2 protein chains.
Amino acid sequence: MGGPKKPEQERCDAILAAAYEIALAEGLDAVTARRVATAAGISTGLVFFHFHSKDGLLEALLGVLLDGTLDALSDSDLARLEPWDRLERMIWVELERLVEYHAAVELIFAFYFSRRDDLFRARIEASFARYLAAFSPVCREVAAGTRIQGDELAATVVALVQGASIQTIRNPESFNPEAILATLRAVRPA
Amino acid sequence: MGGPKKPEQERCDAILAAAYEIALAEGLDAVTARRVATAAGISTGLVFFHFHSKDGLLEALLGVLLDGTLDALSDSDLARLEPWDRLERMIWVELERLVEYHAAVELIFAFYFSRRDDLFRARIEASFARYLAAFSPVCREVAAGTRIQGDELAATVVALVQGASIQTIRNPESFNPEAILATLRAVRPA
DNA sequence: GTGGTCATTGACCGGGTAGTCAACGTAGAG
DNA sequence: CTCTACGTTGACTACCCGGTCAATGACCAC
């Protein structure tokens with residue numbers, strides 16, 4: 001028994017990397033303490049030593065997923081554009097990211113729907129809510145002086161982007177962000 | 001051993017009803033042969049006698065879900081309306097249905113994301129595809145004579161409706177279909 | 001009645017799971 | 001060098017799962 005020691009951070013990262021790989025390749029159900037331990041080249045007990053429980057491991061894994069896929073939304077360097085152009089640009093960037101990270105986004109949805117308690121949902125909900133927060137300002141600008149209500153537009157945009165994420169998961173190859181963008185451009189208020 | 005006999009149909013319905021109830025109340029993971037049998041007041045063996053395997057039971061349950069929630073889309077009695085009014089109306093009806101059946105829709109998504117093989121996904125995909133088929137004709141009519149492309153509009157509408165279904169699941173109480181409809185009306189082409 | 005068909009039971013099996021723990025190495029402090 | 005603190009191991013427990021099956025009863029045709 002016993003074996004070489006590594007710093008906590010390094011071990012945790014290795015375990016999470018193994019869990020991430022298994023989840024991507026075979027889905028959330030395949031993420032068991034044993035399989036993760038084997039994939040990381042350590043014993044099962046060590047997983048619990050570092051993450052206390054399986055839920056602890058999954059929470060950490062969810063954190064990795066959310067940090068890597070949903071938390072880059074920003075319109076800081078777009079301030080010079082007209083509001084509608086900025087909105088279009090933000091949507092475009094987001095749709096491209098959804099295509100790129102569709103496997104990770106699928107895992108996030110798998111987390112969301114695998115449980116009904118708040119353990120995972122609260123975290124995911126917070127990330128989703130950031131969508132609304134990110135789109136709201138520009139939507140209000142776009143709506144100003146039109147018949148459109150800013151908050152209603154923001155709700156619609158969020159629904160559209162999230163629906164697009166489902167399309168991306170359903171069929172990553174055939175999903176075409178350009179179709180949605182083209183429609184938006186065509187209904188652009190004068 | 002042995003016990004009162006019931007016709008196959010009646011038994012299957014009772015088992016499915018029990019499974020449905022458990023799934024709604026506690027999620028898909030809670031649907032085990034034992035729990036379903038207990039809830040239906042029968043023995044575990046009988047579940048397998050009637051459905052052969054757990055996957056068989058889940059497939060049947062998914063069928064019940066899809067029949068009850070996604071398969072009523074139709075625009076037959078709306079032919080007299082202008083294309084755009086018809087599209088609005090269809091979206092409205094669908095959004096209201098999503099709110100009403102949000103628990104069942106959530107279960108459908110749980111089915112979708114619980115597995116990555118085609119056992120459940122193919123069935124759900126077929127139902128989702130019917131969305132596109134249902135919206136395509138009216139979208140083409142709406143697009144005729146405008147800068148909008150019919151098929152692109154249809155893809156956008158499907159994404160919007162499916163995104164709205166996620167919003168409904170996230171927060172059934174606060175989700176407001178009217179917000180989306182109002183935005184659509186505001187961007188309605190002349 | 002009698003025989004046969006079939007729904008029904010529940011104990012049972014093999015297997016995978018989360019989580020525990022006493023024993024054991026290893027490294028660093030004194 | 002020794003002692004202590006802690007990372008590490010893997011066998012172990014308790015549990016629940018899907019699935020099987022011989023025994024059993026209910027029902028029907030004759």
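Because the structure is a prediction, the values reported are computed rather than measured. Letters go in sequence order (proteins before strands), and every chain restarts at 1. Basis for what follows: all heavy atoms, side chains included, without hydrogens, waters or symmetry-related copies.
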| said: Taking the side chain as everything from C-beta on, heavy atoms only, tell me whether B:Ser136 gets closer than 4.5 Å to B:Asp151. | reply: no
Across all chains, not counting sequence neighbours, the side chain to side chain donor-acceptor pair (under 3.5 Å) partners of A:Arg147 are none
Separation of C:dA27 atom P from A:Glu8 atom CD, nearest Å, is 18 Å
*State, with a plain yes or no, whether a side-chain heavy atom of B:Arg86 is found less than 4.5 Å away from one of B:Glu141.*
yes
Whole-Å distance, A:Lys54 NZ to C:dG19 P, equals 8 Å
Assign each of B:Ser53 and A:Arg11 the nucleotide of DNA chain D bearing its closest heavy atom; nearer the 5' end lies the nucleotide of A:Arg11
The correct set of residues in residues 22-30 of chain B placing a heavy atom under 4.0 Å from DNA chain C is none
In whole angstroms, the gap separating P of D:dT9 from CZ of A:Phe48 amounts to 14 Å
### Task
Check whether any side-chain heavy atom of B:Glu26 sits under 4.5 Å from a side-chain heavy atom of B:Arg35, and report yes or no.
yes
Name every donor-acceptor pair, under 3.5 Å, that has one atom in a side chain of residues 179-186 of chain A and the other anywhere in the protein, sequence neighbours excluded.
residue: A:Thr183; atom: OG1; partner: A:Ala179; partner atom: O; Å: 3.0
residue: A:Thr183; atom: OG1; partner: B:Glu152; partner atom: O; Å: 3.3
residue: A:Thr183; atom: OG1; partner: B:Thr156; partner atom: OG1; Å: 3.2
residue: A:Arg185; atom: NH1; partner: A:Glu178; partner atom: OE2; Å: 3.3
residue: A:Arg185; atom: NH2; partner: A:Glu178; partner atom: OE2; Å: 3.3

Checklist entry - Does OP1 or OP2 of D:dG18 have a side-chain N or O of B:His52 closer than 4.0 Å? => result no
Tightest non-hydrogen contact, residues B:Val161 and B:Tyr131, listed as CG1-CE2, 3.4 Å
Those residues at least two apart in sequence (or on a different chain) that pass ring-ring contact (aromatic ring centres under 6.0 Å, His included) with A:Phe48 are none
Q: Ignoring hydrogens and angles, state whether a donor on the side chain of B:Trp92 or B:Glu88 is under 3.5 Å from an acceptor on the partner side chain.
A: no
Taking N or O atoms only and anything under 3.5 Å, show me the protein contacts with nucleotides 10-14 of chain D, one pair per line.
residue: D:dC12; atom: N4; partner: A:Arg34; partner atom: NH2; Å: 3.3

Rounded to whole Å, NZ of A:Lys6 lies from C1' of D:dA5 at a distance of 21 Å
Taken to the nearest whole Å, CZ/A:Phe51 to P/C:dT20 is 16 Å
Sequence neighbours excluded, the answer for side chain to side chain donor-acceptor pair (under 3.5 Å) partners of A:Glu59 is none
Regarding the side chain of A:Phe49, the nearest nucleotide among C:dA18, D:dC17, D:dT8 is D:dT8
Here the distance between atom P of D:dG19 and atom NE2 of B:His50, to the nearest Å, is 16 Å
